Amino acid sequence: MAQASKKTTRGRAAPKLAKVGRGELLTLIDFVRYAVSRFTEAKLAFAHGTTDPVAEAAFLVCEALHLHPDQFEIFAHACVTSAEGKTIVDLIHQRVTTRKPTAYLVNKIYMRGLPFYVDERVIVPRSFIGELLESHFGGDGEAGSLIDDPTAVERVLDLCTGSGCLAILAAHHFPNATVDAVDISKGALEVATRNVGEFGLDDRISLHRGDLFAPLGDNRYDLIITNPPYVDAEGMAALPPECRAEPKLAFDGGADGLDVVRRILRDAPDHLTPDGGLICEIGRGRELVDEAFPELPLLWLDTEESEGEVFWIAAADLG
C-alpha cells in the first residue's frame, strides 16, 4: 500500500531540510548563516518587518534566544546550548516548510524599536508611518514638519488599526493626545487590545469595531493616520505564500486597490479639525492615486526605505 504523500504548501512539495549534526553549528552567527542558506535555497519572500534573508535570520535567532535584535552583535560569536540550538533549527525549518512569516512563528515584531504581539489575526506590521511620525511631526522647526507642536495634538484617529501598533506609536509621539483606533475585524481588535494593555495605554487608546468612520459618530481629530487595504486584484492574485498567511481583509483594496482609500478621502473632512490632516499609506499606487484625485494637493512623503508610498493632505485642502 502506497504511503500518503507528505504535506504540501500551496500545491508545492514541502522542501526537505537536512538534519544538523551535533556540534556543526555553535554560535549565533553560525545559525544565522545556516538560516540564510536555507531561506535563500527555498526562495522565501521577505516583507514582514525584515527586508532580506540576513535580517530575517538574525531576527529569528534573537527571538529564539530571547534577545532584542539590537543585542545580536554583542552575542554574535557566543555559543548556544544544544536545547537552544534545537529551538532555532526547528524555527528555521518551520519558516521554510510553512512559508509563514517569522513574526507569526515567534508572535512578535518590532516597529521603531518597540515589540508588538502578532498572530494570524492581524497583518504583520511594516508601515512606513511609524518613521514618518518621528521625521515629520517632530515640532523641531524644520521645514518638513507637518504639525508644529506635537504636544498640542489632542485627538488622533487610527483607521484599520490591525495590531494597534500605529495607535500606540502615535500615543507615544503625541503625549497629550487620546487615540481612537478602528478595525472591522474582531480578531484584530483582540490582538490590539493585548498590545494596548501591554503598553499600559488603556486610558489613552480606545478601540472601536466597525467600518472606517462608522463607529465614531461626529468626532473630529487633529490627525488621522491609516494604513488601509490597497492591493489591487492583480496584486492579490500574485501574493507570495507569506502574504497569503495574513488576513486577506487587510490587503484587498478592490479591483484597482483604491476602494477603501476613496471612502477615507470622501469622509475624512467630516472628522478632521480645521487645522488637522490625514496621513495615508498606499504602497506603490502613487500614479493611480494621483490620476484618481487630480484635484487634491497630495504631499508624498519618503522614508529611508520607501519613496512616495505615503501621502499627507491637510484638512483645508480636502474641502
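Computed from a prediction, not measured in an experiment: that's the story for all the values here. FYI, the numbering just counts along the sequence from 1. Atoms considered below: every heavy atom in the structure, side chains included; atoms not considered: hydrogens, waters and symmetry mates.
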Chemist: One pair to check against side chain to side chain contact (heavy atoms under 4.5 Å, CB included): K248 and M236. What are the steps and the verdict?
Modeler: CA-CA 9 Å; K248 178 182 177 182; M236 290 296 296; 3.6 Å; yes
Chemist: Do T87 and D90 get their side chains close enough for a donor-acceptor pair, meaning under 3.5 Å?
Modeler: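 D90 and T87 do not have a side-chain donor-acceptor pair below 3.5 Å.
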Chemist: Rounded to the nearest 0.5 Å, what separates atom OG1 in T178 from atom CG in L201?
Modeler: 12.0 Å
Chemist: Starting from L207, can I reach V122 by hopping between I/L/V/M/F/W/Y residues whose side chains sit under 4.5 Å apart?
Modeler: yes
Chemist: So T102 and E63, do their side chains get closer than 4.5 Å, heavy atoms only?
Modeler: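 With C-beta onward as the side chain, the pair stays apart.
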Chemist: Looking only at heavy atoms, what is the nearest atom pair of A64 and L91, with distance?
Modeler: CB-CD1, 3.7 Å
Chemist: Check whether V179 and I279 end up in the same hydrophobic cluster, where Ile, Leu, Val, Met, Phe, Trp and Tyr are linked by side-chain heavy atoms less than 4.5 Å apart.
Modeler: yes
Chemist: With sequence neighbours excluded, tell me which residues meet side-chain hydrogen bond (donor to acceptor under 3.5 Å, both in side chains) with S306.
Modeler: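 side-chain hydrogen bond (donor to acceptor under 3.5 Å, both in side chains) check on S306 returns T303.
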Chemist: Mind checking whether F72 and I29 have side chains closer than 4.5 Å, heavy atoms only?
Modeler: yes
Chemist: Output all residues satisfying salt bridge (Lys or Arg N to Asp or Glu O under 4.0 Å) with E84, sequence neighbours left out; order by chain, then residue number.
Modeler: none
Chemist: Identify whether V261 and L157 are in the same connected component of the hydrophobic contact network (ILVMFWY, side-chain heavy atoms under 4.5 Å).
Modeler: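 Yes, V261 and L157 fall within the same hydrophobic cluster.
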Chemist: Going by side-chain hydrogen bond (donor to acceptor under 3.5 Å, both in side chains), name the residues that satisfy it together with R112, two or more places apart in sequence or in a different chain.
Modeler: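 Applying side-chain hydrogen bond (donor to acceptor under 3.5 Å, both in side chains) to R112 gives E134.
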Chemist: Under the ring pair (Phe, Tyr, Trp, His ring centres under 6.0 Å) rule, what pairs show up with a residue in residues 183-204, not counting sequence neighbours?
Modeler: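 Non-adjacent pairs meeting ring pair (Phe, Tyr, Trp, His ring centres under 6.0 Å): F116-F199, H172-F199.
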Chemist: Apply the test salt bridge (Lys or Arg N to Asp or Glu O under 4.0 Å) to residues R194 and E190: give CA-CA distance (whole Å), side-chain angles for both, the deciding distance (0.1 Å), then the verdict.
Modeler: CA-CA 6 Å; R194 174 171 178 164; E190 290 170 351; over 6 Å; no
Chemist: With sequence neighbours excluded, tell me which residues meet salt bridge (Lys or Arg N to Asp or Glu O under 4.0 Å) with D267.
Modeler: none
Chemist: With a 4.5 Å cut-off on side-chain heavy-atom distances among I, L, V, M, F, W and Y, is there a chain of contacts connecting V80 to Y34?
Modeler: yes
Chemist: Working note: V124 + Y104, criterion side chain to side chain contact (heavy atoms under 4.5 Å, CB included); need CA distance, chi angles, decisive distance, verdict.
Modeler: CA-CA 8 Å; V124 178; Y104 285 160; 3.6 Å; yes
Chemist: Indicate yes or no: at least one non-hydrogen side-chain atom of V260 is less than 4.5 angstrom from one of L159.
Modeler: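 Counting from C-beta outward, V260 and L159 never come under 4.5 Å.
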Chemist: Are there more than 12 heavy atoms of other residues, nucleotides or ligands under 6.0 Å from atom CD of E154?
Modeler: no
Chemist: State yes or no: do V61 and L44 share one hydrophobic cluster built from I, L, V, M, F, W and Y residues joined by side-chain heavy-atom distances below 4.5 Å, directly or via other members?
Modeler: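 Yes; L44 is reachable from V61 via cluster members.
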Chemist: Does the pair D317 and L296 meet the rule for a side chain to side chain contact (heavy atoms under 4.5 Å, CB included), with working shown?
Modeler: CA-CA 7 Å; D317 293 323; L296 296 180; over 6 Å; no
Chemist: Could I get the full list of ring-ring contact (aromatic ring centres under 6.0 Å, His included) partners for H77, not counting sequence neighbours?
Modeler: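 H77: no ring-ring contact (aromatic ring centres under 6.0 Å, His included) contacts found.
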Chemist: Check R263 with D259, please: is the shortest side-chain N to carboxylate O separation under 4.0 Å?
Modeler: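 The answer is no: the pair does not qualify as a salt bridge.
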Chemist: Taking D119's backbone N and O only, do any of them form a donor-acceptor pair with N107's side chain (distance below 3.5 Å, no angle check)?
Modeler: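 No, the answer is negative, given that no donor and acceptor are paired below the 3.5 Å cut-off.
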Chemist: According to salt bridge (Lys or Arg N to Asp or Glu O under 4.0 Å), who are the partners of D302, at least two apart in sequence or on a separate chain?
Modeler: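 Not a single residue meets the salt bridge (Lys or Arg N to Asp or Glu O under 4.0 Å) criterion with D302.
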Chemist: Kindly compute the distance separating CG (L272) from CG (D270), expressed to the nearest 0.5 Å.
Modeler: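 Rounded to the nearest 0.5 Å, the CG-CG separation comes to 9.0 Å.
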Chemist: So which heavy atom on V36 is nearest to which on A57, and how close?
Modeler: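 The pair with the smallest heavy-atom distance is CG2-CB, 3.8 Å.
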Chemist: Ignoring hydrogens and angles, tell me if any N or O in the side chain of R38 forms a donor-acceptor pair with the backbone of H93 under 3.5 Å.
Modeler: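 Such a contact is absent between R38 side chain and H93 backbone.
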Chemist: Just verifying a value: how many Å separate F137 CZ and L146 CG, rounded to the nearest 0.5 Å?
Modeler: 4.5 Å
Chemist: Among all residues two or more places apart in sequence or in another chain, which pass the salt bridge (Lys or Arg N to Asp or Glu O under 4.0 Å) test with E246?
Modeler: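 With neighbours one apart ignored, the set is R126.
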Chemist: Work out which heavy atom in A167 is nearest to a heavy atom in I205; give both atom names and the distance.
Modeler: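 What the structure gives for the nearest pair is O-CD1, 3.7 Å.
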Chemist: For E73, is the CD atom crowded, meaning more than 12 foreign heavy atoms sit under 6.0 Å from it?
Modeler: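 12 or below, so no.
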Chemist: Determine which pairs satisfy ring pair (Phe, Tyr, Trp, His ring centres under 6.0 Å) with at least one residue from residues 48-71, sequence neighbours left out, and list them in order.
Modeler: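 Non-adjacent pairs meeting ring pair (Phe, Tyr, Trp, His ring centres under 6.0 Å): H68-Y110.
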Chemist: Just by distance, no angles: are the side chains of D275 and T273 close enough, under 3.5 Å, to form a donor-acceptor pair?
Modeler: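 Not at all, the side chains of D275 and T273 share no donor-acceptor pair under 3.5 Å.
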Chemist: Which residues pass the ring-ring contact (aromatic ring centres under 6.0 Å, His included) test with H271, not counting sequence neighbours?
Modeler: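 By the ring-ring contact (aromatic ring centres under 6.0 Å, His included) rule, H271 matches F213.
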Chemist: Taking the side chain as every heavy atom from C-beta outward, state whether P53 and F46 have any atom pair closer than 4.5 Å.
Modeler: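 Yes; the side chains approach each other to less than 4.5 Å.
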Chemist: What's the shortest heavy-atom distance between A245 and E120, and which atoms?
Modeler: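 Scanning both residues completely, I find the closest heavy atoms to be O-CG, 4.0 Å.
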Chemist: Can you tell if the side chain of I184 reaches within under 4.5 Å of the side chain of C160, non-hydrogen atoms only?
Modeler: no
Chemist: Give me the atom names and distance for the closest heavy-atom approach of V118 to P125.
Modeler: CG1-CD, 3.5 Å
Chemist: Which distance, rounded to the nearest 0.5 Å, do you find between the OG1 of T161 and the CD1 of I225?
Modeler: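 The OG1 atom of T161 sits 7.5 Å away from the CD1 atom of I225.
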Chemist: Quick check: are there more than 12 heavy atoms from other residues, nucleotides or ligands sitting under 6.0 Å from CG of D203?
Modeler: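 Atom CG in D203 is packed in, count exceeds 12.
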Chemist: Taking atom CD1 of I264 and atom CG of L318, what is their separation to the nearest 0.5 Å?
Modeler: 11.5 Å
Chemist: Is any side-chain heavy atom of D222 less than 4.5 Å from a side-chain heavy atom of F174?
Modeler: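 Of all side-chain heavy-atom pairs linking F174 with D222, none is under 4.5 Å.
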Chemist: Step by step, would you call W300 with I282 a side chain to side chain contact (heavy atoms under 4.5 Å, CB included)?
Modeler: CA-CA 10 Å; W300 292 93; I282 190 58; 3.4 Å; yes
Chemist: Nearest 0.5 Å, please: how far is CH2 in W312 from CD1 in I147?
Modeler: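 If we round to the nearest 0.5 Å, I147:CD1 and W312:CH2 are 4.5 Å apart.
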Chemist: Which residues pass the side-chain hydrogen bond (donor to acceptor under 3.5 Å, both in side chains) test with H208, not counting sequence neighbours?
Modeler: D180
Chemist: So for atom CG, which belongs to D52, do other residues, nucleotides or ligands contribute more than 12 heavy atoms lying within a distance under 6.0 Å?
Modeler: yes
Chemist: Looking only at non-hydrogen atoms, find the nearest pair between A292 and L258 and report the distance.
Modeler: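 Reported closest heavy-atom pair: CB-CD1, 4.0 Å.
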Chemist: Using a 3.5 Å distance criterion without hydrogens, assess whether the side chain of N195 forms a donor-acceptor pair with backbone atoms of Y117.
Modeler: yes
Chemist: May I ask you to decide if F128's main-chain N or O and E281's side chain share a donor-acceptor pair within less than 3.5 Å?
Modeler: yes
Chemist: Are any of the side-chain heavy atoms of K100 and Q94 separated by less than 4.5 Å?
Modeler: no
Chemist: How about V153 and Y221: do any of their side-chain heavy atoms sit closer than 4.5 Å?
Modeler: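 When only atoms from C-beta onward are counted, Y221 and V153 do not touch, as no gap falls below 4.5 Å.
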Chemist: Regarding R286 and E307, does a basic nitrogen lie under 4.0 Å from an acidic carboxylate oxygen?
Modeler: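 Looking at R286 and E307, the cut-off is not met.
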Chemist: Quick one: side-chain hydrogen bond (donor to acceptor under 3.5 Å, both in side chains) partners of Y230, sequence neighbours excluded?
Modeler: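 Per chain and number, Y230 pairs via side-chain hydrogen bond (donor to acceptor under 3.5 Å, both in side chains) with no residue.
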